Each structure stands twice: as C-alpha cells, then as structure tokens.
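See below for the structure under consideration.
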There are 2 protein chains.
Amino acid sequence: MTTQQIKYFLVLAGELHFWKASEKVYVSQSTLSRQIQSLEQEIGIKLFERDKRNVKLTDAGKFLQEKWTVAINELDHIQKQAKKIDQGTSGFISISYPGSIAFSYLPLFLNVINEDLPDLKLELTEPTDERHEKLLLNYETDIAFNRDVINNIHISSFKINTEPICLVTSEKHWLTEKTIINLKDLKDENFIIAGLHKTTYFSSLLRNLFLKNEFEPKTVIESDFGGMILNLVAQELGISILPYSYKFSNVPGVQFIELNEKIDLFINWRKTDPNKTTQKVIELAKTINSYKKYKSK
Amino acid sequence: MTTQQIKYFLVLAGELHFWKASEKVYVSQSTLSRQIQSLEQEIGIKLFERDKRNVKLTDAGKFLQEKWTVAINELDHIQKQAKKIDQGTSGFISISYPGSIAFSYLPLFLNVINEDLPDLKLELTEPTDERHEKLLLNYETDIAFNRDVINNIHISSFKINTEPICLVTSEKHWLTEKTIINLKDLKDENFIIAGLHKTTYFSSLLRNLFLKNEFEPKTVIESDFGGMILNLVAQELGISILPYSYKFSNVPGVQFIELNEKIDLFINWRKTDPNKTTQKVIELAKTINSYKKYKSK
DNA sequence: GTTTTTAATGCATAAAACGCATTAGTAATG
DNA sequence: CATTACTAATGCGTTTTATGCATTAAAAAC
C-alpha cells in the first residue's frame, strides 16, 4: 500500500466519479481504476460499491475516508518536521506573531537570527483568527509569539518581556500624560479599538480595563489591525488603546500615553519538538528580553 | 512512499545492519539497500549515516523512527477495524472478560451470539495483568466485560447485572449460612484469596471488605485464578471470597454463602467504534441481564 | 599489509504502472 | 422499448520499478 494510493482513494471518495477524480490527481481514468482495485485487493476490503454509472462508498470505505484523512495529514506533518530536522540551520522554520510586535521585538529578533543563523529561512505568519495554540498543535507553526500564556501540557512557554498598555491619541489631542486623571473622563471620546465581543486575549484585556474603570467606550470603528488604527488616530478620527510596542512603528502625529496596565509577550513551542534548530532559535529569542534596548535608538 | 518501505526503515533502524535487517524482512541485502535509498530520495531526507562498516540513524532518522512506529501501528489498527466493518457479521470481534463470569454470564452470552450471528467468530481473552481500558484504547479488544466501571470519555459502559459476593468454603466446613454472624469470627480461618496489594478492582473490593469488618485475613495462598481457588477450597486448604458466578463452575464439595456485599458486571466498548457488528453484539449482550435465569437450570 | 565484513552497484529478469483504445453496462432520453 | 450518452473496467503495448545474483569498493579487524 502506498501513500499515493491512499491519496487516490481519498480524492475519489470525495468525488465519487472516477474521471473527475483522475483529473484531480493527474492520472488517466484507467490508471485510477486499476490503482483502486489494486488497493482493495491488497487490503482485502471493498472500498466502493460501483457499476458503470454509480460510485458509492461502502461502510468500511466511509470509515477509512475519515481515518485515513487524519493519518495522511499526520504522515505529512511528520515528514515536514523530519525535513526541518534534516535541513537543520540550512532549512526553515515557521513563526507566528501578533501584529503588536511587528515594529518592536520582532525586528530585534530577526536581526539576531540573521546574524547567528544566516542560512535559516523563516516563514512569518500574523494569524488573524487562529489561536496560536492550534497552530502549534497542527504543525502550522513551529514557534508562536503571543500575548497570552498557553495552558496546554503539550506546549512550553517563556515570558519574553512586559510592556505598558498605552492610550493612543493624535498629538493635537487635548489629552497629555499630565492631564489624564481618570479613564472615565474619556467616556465622550470616540474609540477605534478591537471588537470587544472578540475572543482574542487583547479584546478581553480591553473589556477588563473598561470594566475596572467603570465605563463603556464609544466605539466608532472596530479593527484588529494596529497599523490601520494608528493611521486613523493620526487623522483624528478617534483615540485607541494599544501596547507600547506600536510606538516604534513611527506613524507621525500620534502620541502614546502610558496607562497603569501591563501586557506580556510570550514565546511558545511544542514541548516535544525534537528540532535542534527550533531549540536554538528559542534560546536566541530568550536573550532578547527587553524592548527598552530598542527604545534607546 | 509505501508502508513496506516504512517497515523496512523501522526494522533497519532497529538493527543498524543491512544484512541482518534484510533477513528479518525477507528480502536480499541489495533490495533493502535500494529501497532505503529510494525512500531517502523520494522524501528528500537522509535517514542513515553509513559507510561500508557502520550504520547510524541521523537526527531526522531518529525522529522518524519514533513517529513512524506510532503511525504505522495506527494504520494497522485502522485497517483491522476497516476489515471488521467490511466483513460484518461474517468476520470476527475480540472480547475480553474476567474469569469470574466464565461459568455464568459468558456461556449465556456465547449461546445468544451463536444463535443470532452464527457466522461471527469471537476472539476471547481473559487478561491477567492488562487493564481492560488499555486493551480497548489499543484496539486489542473490541468489547470488554469487567467488574469495575471505566471512567474514560472515549469508552462507553453499561451495567449488565449485579450479583452477591460469597464466602466460599468446603461443604464439610463448620460455617453455614445459618451459623455466620460476623466476618470477624473468621479471623482464625486460613484464606485463599487474591493478593490484597494488587491493583485489580477485586483486590481493592476485598481490602474494603476486610477494612469494613475490621480484621485482616490470614492469607495462606495468594491466587487470582478462581478455578484454582475452588479446587483448593474443596481440598479444605482454606476458605475464600469470590463472586457468586463461580457457583456455576460446579466444582464439587464447595458451598457458597452469600455475604451482604454486591459486585457488578459491566460491558464496555469504544464510544466511537463505527462497527455495526460490534454494536449489534452489544445490544444482544444487554438483553441477557439476569444471571438468575441460568441459575434456575 | 592482508583478510574479513558489508553497503553499494552492475546487470538481467520479472513485475507493476501507465495510458490509449475499446468494451460493456447503466441511466437518460425520445 | 430502442437508442444514445455516460462511464467504470479491460486488453494491450510500452515504460518504469523492484528484485536478486554477482561483484565491487571501502572500512574495520587482525
């Protein structure tokens, strides 16, 4: 039995039409027919009920469709991981990160990696709706930077740094670090923030912040994208609340007012990941532990 | 990539000697050499460091040895399950059971299965040291009768029946149902029972029984095997405590005195088992719910 | 330096994969 | 009911791959 035959089976199971399925796997209809027959003979299990016009999965075929889909995906993951181990520091690893560090910690990190492991390629992903935990467990990323700790026995975490949460306004705004006394004073301000109904860590942090200060913001624009938010704030369409890191994006015309609230940055990885390159990258990441180093520039 | 190549790899990874490994997989040394080379080329990963005298796994090879071992076992399980589904009531299923029902519930059950599903083959196993839970999860059994409930979200349970725990003595013993007042009276008796340090359910039931009656038995023989125990009791080497079911083994010269304690019998199966034959067998098992029916014979 | 051991390779043969052309069976259509 | 359209299975020839015997070549053992 070959993995190719399993893949032929899975595509045919989806299409239930030999010619259409053969087109999808780039072989002739007769080749597909023979390969399916050969597979059925080898494993001694009838996979399809079929005649000249109808193709249906048998009960065993349905069972195998479900199980082999998972198994084949797992084999593919295993092979990709093995490839990374084989290629070592001349290969590549995947890293996901939150947008908030794109201008702060991340450039520092990438510089260090480029210096120490010049042949290593990085695949960077800024996930929008996938939780980092899921990305790690599904092998869609090897290292995940994120703002909240991941409680999962299969995932290891390390806190990289802590930074303040900031009120972000236009420079022309009446608010300054000196004038702000109570967040409640902002209840008439227009806010440009992440949707408070969202399940992301940052949304829940915002919810808690407003709850603690006993007011509900007047949200006029909802967005998750920090860069977009900064531009809108610069155009005086409203004010926002973002991590301090965004200050380094150097969008002109905005000011950052530190609030009495902090946010962490964690690096996470699969606990049992045997890839020495991933381990090396994590060790390097740990040496870059203060965003303030970049601030002094 | 074929499953056969993966199996060649796994055997070679174990042996680290081409000729020895080729003997184990029944091909020539040159065939094995070429198949490993072919696999390495197809997946683009170097599996072994080798020259004419040394064969060592690479880091990637070690990783794949671990992962592919699990994956291949999983594929084998999947295929066996699919075979069972394919064969339906003309195939076979595996059933494990505790020794105590070998003469009571089990013969009833087997009679019913034989009548309703005459073409179905059963593999019966009386596990000695494996927990039924593990046997189910590892696909080593499809249905597990046992005395304790299995708390596992992947396993479904159904209580078949409840029966008394009995004091088992020789017929010539001074004890009768009329003379027994308190188990403490038995503290000078010789006991032939399962080891109280064992982790089995029955051992812990015995421990609780003695604890409740505030005495420690004088154990002269330790055994898990009910049939052996009955014979020794008949020979007046001591007395024992066993489930009522053993009464039906018809060992002459022993009497069963019901105690004020009960024990259950459960049938367990994998919650997501799609095999209709297994489901049918479970439904049939549920219809046989009283050991007393057999008793009236 | 010689011998032994053993993974890799050359080569001939057998088996399997492949696709074109065609068959044969089943639904759709008139 | 006959004809047509559709499509999985099959015949057949070609190409590719697997296999094992014999041998080579390289590395340890002596």
Side-chain angles (χ1 to χ4, degrees), chain A residues 1-62 64-65 68 72 75 79 82 86, chain B residues 1-62 64-65 68 72 75 79 82 86:
Chain A
M1 178 167 75
T2 73
T3 53
Q4 191 170 51
Q5 283 174 322
I6 297 180
K7 285 168 180 170
Y8 287 171
F9 162 75
L10 290 175
V11 172
L12 178 59
E15 289 290 339
L16 296 180
H17 190 288
F18 273 79
W19 187 84
K20 286 179 184 173
S22 69
E23 289 274 279
K24 281 193 161 183
V25 295
Y26 306 102
V27 295
S28 71
Q29 175 269 319
S30 58
T31 294
L32 181 63
S33 180
R34 283 198 169 90
Q35 284 292 336
I36 294 300
Q37 286 180 38
S38 172
L39 177 59
E40 283 179 323
Q41 187 166 40
E42 180 181 332
I43 68 181
I45 298 170
K46 191 168 188 64
L47 301 171
F48 297 94
E49 287 290 348
R50 55 198 189 274
D51 53 33
K52 286 301 193 284
R53 274 301 199 120
N54 296 298
V55 181
K56 280 171 62 185
L57 278 163
T58 60
D59 284 342
K62 284 171 189 159
L64 285 173
Q65 180 183 25
W68 273 350
I72 280 290
L75 281 175
Q79 193 169 316
D86 188 56
Chain B
M1 175 168 79
T2 72
T3 54
Q4 193 169 51
Q5 282 174 322
I6 296 179
K7 285 168 181 171
Y8 287 171
F9 162 75
L10 290 174
V11 172
L12 178 59
E15 288 290 338
L16 296 179
H17 190 286
F18 274 77
W19 187 86
K20 288 180 182 175
S22 68
E23 289 273 280
K24 283 192 158 184
V25 294
Y26 306 103
V27 295
S28 72
Q29 175 270 319
S30 59
T31 293
L32 181 62
S33 180
R34 283 199 169 89
Q35 285 291 338
I36 293 301
Q37 285 181 38
S38 173
L39 178 58
E40 282 179 323
Q41 187 165 39
E42 180 180 333
I43 68 179
I45 297 168
K46 191 167 188 62
L47 301 171
F48 298 95
E49 288 290 349
R50 56 201 188 272
D51 52 33
K52 287 296 195 287
R53 276 300 199 117
N54 295 298
V55 181
K56 282 172 60 183
L57 278 161
T58 59
D59 283 342
K62 285 171 189 161
L64 285 173
Q65 180 183 27
W68 274 348
I72 280 290
L75 281 174
Q79 192 170 316
D86 187 57

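We name chains A, B, ... by the order of the sequence lines, and we start the count at 1 in each one. Since the model is a prediction, treat every value here as computed from it, not as a measurement.
Remark: B:Glu23 CD to B:His17 NE2 distance equals 10.5 Å, nearest 0.5 Å. Summarising the geometry, atom CG belonging to A:Leu64 is positioned 5.5 Å from atom CD1 belonging to A:Ile43; distances are rounded to the nearest 0.5 Å.
By the side chain to side chain donor-acceptor pair (under 3.5 Å) test, A:Arg34 pairs with no residue at all, sequence neighbours left out.
Screening residues 1-10 of chain A for salt bridge (charged side-chain N to carboxylate O under 4.0 Å, His left out), with sequence neighbours left out, gives A:Lys7-A:Asp76.
When atom types are taken as modelled, the side chain of B:Ser22 and the backbone of B:Trp19 share a donor-acceptor pair closer than 3.5 angstrom. The backbone N or O of B:Glu49 lies less than 3.5 Å from no partner atom in the side chain of B:Thr58, so there is not a single donor-acceptor pair. With hydrogens and angles ignored, the 3.5 Å screen pairs a side-chain donor or acceptor of B:Gln5 with a backbone N or O of B:Thr2. Between the B:Glu40 side chain and the B:Lys46 main chain, no donor and acceptor come within less than 3.5 Å of each other.
Within the 4.5 Å cutoff, side-chain heavy atoms of A:Gln65 are placed close to those of A:Leu57. At least one side-chain heavy atom of A:Arg53 sits under 4.5 Å from a side-chain heavy atom of A:Asp51. A 4.5 Å side-chain heavy-atom check between B:Leu75 and A:Leu75 finds at least one atom pair inside the cut-off.
Sorted by residue number, the list of members of residues 2-14 of chain B with any non-hydrogen atom under 4.0 Å from DNA chain D is empty.
Toward the 5′ end of DNA chain C lies the nearest nucleotide of B:His17, the other residue of the pair B:His17 and B:Arg34 mapping further downstream. Comparing A:Trp19 and B:Ser38 by the nucleotide of DNA chain D whose heavy atom lies nearest to each, the residue mapping closer to the 5' end is A:Trp19. Nucleotides of DNA chain D nearest to A:Gln29 and B:Gln35 differ in position, and the one nearer the 5' end is that of A:Gln29.
Along DNA chain D, the stretch of nucleotides lying under 4.0 Å from any heavy atom of chain A spans, 5' to 3', D:dA5 to D:dC12. Counting 5' to 3', DNA chain C first comes under 4.0 angstrom of a heavy atom of chain B and last does so at the ends given by C:dT4 to C:dC11.
Counting only N and O atoms by type, the side chains of A:Ser28 and A:Thr31 include a donor and acceptor under 3.5 Å apart.
Helix-axis bend for the helix from C:dG1-D:dC30 to C:dG30-D:dC1: the local axis fitted to the five terminal pairs at one end deviates from that at the other end by 30°, rounded to 10°.
Aromatic ring pairs are classed by plane angle as parallel below 30°, tilted from 30° to 60° and perpendicular above 60°; the pair B:Phe9 and B:Phe48 is tilted.
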